[in-house]
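Below is one structure, written out as structure tokens; the observations come after it.
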Amino acid sequence: MRIVAVLILAALATAMLIAAGERDGAVEALVILSVLGLIAVVVADLLAARRHAIGSLRRQALVAAVLAVALVLGCVAAFTEVMLVSSHDALVLGLASAFAGLVGILAGRRVLSGALDDVEALRDGLTAVGEGRRDVRIHTGGRDELAQLTAEANAMIARLAAEEQARRSLIASVSHDLRTPMTSLRLLAAAIEDDIGDPHERAGYLAAMGVHVEALSALIEDLFELSRLEAGDIAWTMQRVALGELVEETVDAMRAQAETKGVDVYARLAGGLAPAHANPEKVQRVLFNLIQNAIRHTPADGSVTVLAEPAGAAVEVEVADTGSGIAVTERAHVFDAFTRGDGSRGGDGAGLGLAISRAIVEAHGGRIWLPEASLGTRVRFSLPCA
């Protein structure tokens with residue numbers, strides 16, 4: 001209804017200007033313009049409803065231009081008939097209007113051709129992505145909304161390519177970590193089946209098989225937990241957690257493992273530490289992961305310090321060690337699954353600890369990062385206060 005009201009007001013204003021104060025002419029002009037305008041609106045609505053039958057944007061633009069020219073010629077014909085314009089003047093006005101309409105169509109097509117080319121480029125690029133290609137880069141010639149849409153599409157394609165690469169790397173990493181223990185299990189089982197060795201040696205084979213089975217079970221459990229966390233499948237009970245007590249408890253539990261390697265572990269708690277809003281078991285899992293990593297990469301006579309301190313509306317915990325640190329090239333990927341701190345696949349563990357830690361912290365509404373360290377490695381994470 002809004003477009004009809006605007007149309008009537010425009011027709012009234014135009015009629016008054018045409019009539020130049022003559023009441024009869026104004027009424028006739030108003031009737032002509034209103035009727036032609038309403039007809040044009042009705043036809044435009046019908047065409048819009050059947051745009052799927054018209055086809056491409058180029059055809060739709062052409063149909064709209066033809067409708068506009070037809071409206072101009074209709075106005076010329078109606079005013080010629082009603083205003084008693086001479087036949088010659090009507091012919092001249094009609095030909096001039098037709099010529100202007102043709103020029104307008106050609107000019108409009110020229111202006112719109114670039115935008116329509118961009119639309120086709122965007123369509124072709126997305127079609128290629130839908131067919132499985134990830135090396136697609138869509139280019140457009142404008143700096144308009146289509147260019148913004150194209151930039152979003154290119155960013156989406158880049159994310160898809162990165163996710164597929166990460167998935168391939170994950171599959172390769174899982175295959176690698178499964179192959180070694182499975183091969184050992186197969187060889188040990190064959191040795192037991194063939195009665196190789198005395199009973200004492202076969203008991204050793206069984207013990208080794210148990211170690212490999214535990215490693216496989218831990219890997220599978222970590223993979224399941226990571227997949228649940230990344231999928232948002234979380235059913236934790238959040239509560240007020242005295243983070244200082246949790247840190248001290250975890251450090252005490254890890255002290256025996258640290259002393260075996262000749263590493264000292266300390267807890268350092270700042271004053272005024274507010275309770276965190278968290279799940280204590282999951283937060284302790286993060287602490288275990290971080291402290292174990294720190295002990296693993298700290299040489300004998302080194303130390304690991306666990307710090308907890310307030311930070312505005314959050315509580316921050318940091319695990320710092322005096323080890324060799326993390327290379328600059330590895331810092332950006334240290335929280336990715338199957339990333340080893342030493343850059344190789346020969347280290348202990350499956351490389352899922354930091355990835356799981358990040359997922360747990362982010363599920364709590366916090367974040368985890370690597371602050372700059374002059375010695376060793378610092379890993380810090382935040383949790384919201386209760």
Side-chain angles (χ1 to χ4, degrees), residues 177 211 214-230 234-239 241-269 273 275-299 302-309 315-323 326 334-342 347-371 376-383:
D177 284 350
V211 172
E214 289 181 4
L216 287 172
S217 298
L219 173 60
I220 292 171
E221 286 299 321
D222 284 347
L223 285 171
F224 273 126
E225 182 170 7
L226 183 61
S227 65
R228 286 195 297 266
L229 288 168
E230 291 183 342
I234 299 170
W236 301 338
T237 300
M238 297 293 191
Q239 62 189 65
V241 178
L243 205 56
E245 297 178 6
L246 188 63
V247 166
E248 289 183 329
E249 176 186 330
T250 309
V251 168
D252 289 339
M254 299 296 298
R255 186 161 282 121
Q257 179 180 339
E259 290 176 350
T260 301
K261 196 179 176 185
V263 176
D264 294 324
V265 180
Y266 305 98
R268 188 154 58 91
L269 308 178
L273 195 62
H277 181 66
N279 179 278
E281 290 80 12
K282 297 302 179 182
V283 174
Q284 192 167 52
R285 172 72 186 276
V286 174
L287 289 170
F288 275 130
N289 287 342
L290 299 184
I291 297 173
Q292 276 184 329
N293 275 346
I295 294 172
R296 183 181 301 133
H297 295 96
T298 301
S303 64
V304 175
T305 303
V306 185
L307 167 69
E309 60 183 1
V315 182
E316 292 185 356
V317 179
E318 178 178 293
V319 178
D321 62 60
T322 58
I326 298 174
V334 73
F335 294 106
D336 294 343
F338 290 97
T339 296
R340 303 298 205 276
D342 55 4
D348 298 332
L352 292 174
L354 288 179
I356 291 174
S357 298
R358 179 180 64 177
I360 291 175
V361 170
E362 291 179 350
H364 279 81
R367 67 187 187 99
I368 187 169
W369 70 99
L370 296 178
T377 302
R378 297 168 58 200
V379 184
R380 179 173 283 247
F381 67 91
S382 65
L383 296 171

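In this text the structure is predicted, and so the values were computed from the model without any measurement. Atoms considered below: every heavy atom in the structure, side chains included; atoms not considered: hydrogens, waters and symmetry mates.
By the neighbour-count criterion of 12 heavy atoms within 6.0 Å, atom CD of Gln239 is densely surrounded, having more than that number from other residues, nucleotides or ligands.
Arg255 places a side-chain N or O within 3.5 Å of a backbone atom of Val265 that can act as its donor or acceptor partner. With Ser382 contributing its side chain and Arg367 its backbone, the two residues share a donor-acceptor pair below 3.5 Å. Under the 3.5 Å distance criterion, the side-chain polar atoms of Ser303 are left unmatched by any main-chain donor or acceptor of Asp264. Of the possible polar contacts, one joining the Asn279 side chain to the Thr237 backbone as a donor-acceptor pair under 3.5 Å is found.
In this structure, the side chains of Val241 and Val283 stay at 4.5 Å or more apart for every pair of heavy atoms. Using a 4.5 Å heavy-atom threshold, the side chains of His297 and Thr377 count as separate. Between Val361 and Trp369 there is no side-chain heavy-atom pair separated by less than 4.5 Å. With contacts defined as side-chain heavy-atom distances shorter than 4.5 Å, the pair Met238/His364 qualifies.
In this structure, the separation between CZ on Phe288 and CD on Gln257 is 9.5 Å, given to the nearest 0.5 Å. To the nearest 0.5 Å, the span separating CD1 on Ile368 from CZ on Arg358 amounts to 9.0 Å. To the nearest 0.5 Å, the span separating CD1 on Ile291 from OG1 on Thr250 amounts to 6.0 Å. Expressed to the nearest 0.5 Å, how far CZ of Phe381 lies from CG of Leu290 amounts to 6.0 Å. Between the CD atom of Glu248 and the CG atom of Leu243 there is a distance of 10.5 Å, given to the nearest 0.5 Å. Rounded to the nearest 0.5 angstrom, Leu370 CG and Arg380 CZ are separated by 12.0 Å.
Between Ala267 and Val247, the shortest heavy-atom contact is CB-CG1, 4.1 Å. Residues Gly353 and Asn289 share a closest heavy-atom pair of O-ND2, 3.3 Å. Here the closest heavy-atom approach between residue Leu383 and residue Ala276 is recorded as CB-CB, 4.3 Å. Listed here is the closest heavy atom pair of Thr298 and Val263: O-CG2, 3.7 Å. Between Thr322 and Pro299 the shortest heavy-atom distance is O-CD, 4.1 Å. In this structure, Ala258 and Ile295 approach most closely via the heavy-atom pair CB-CD1, 3.7 Å.
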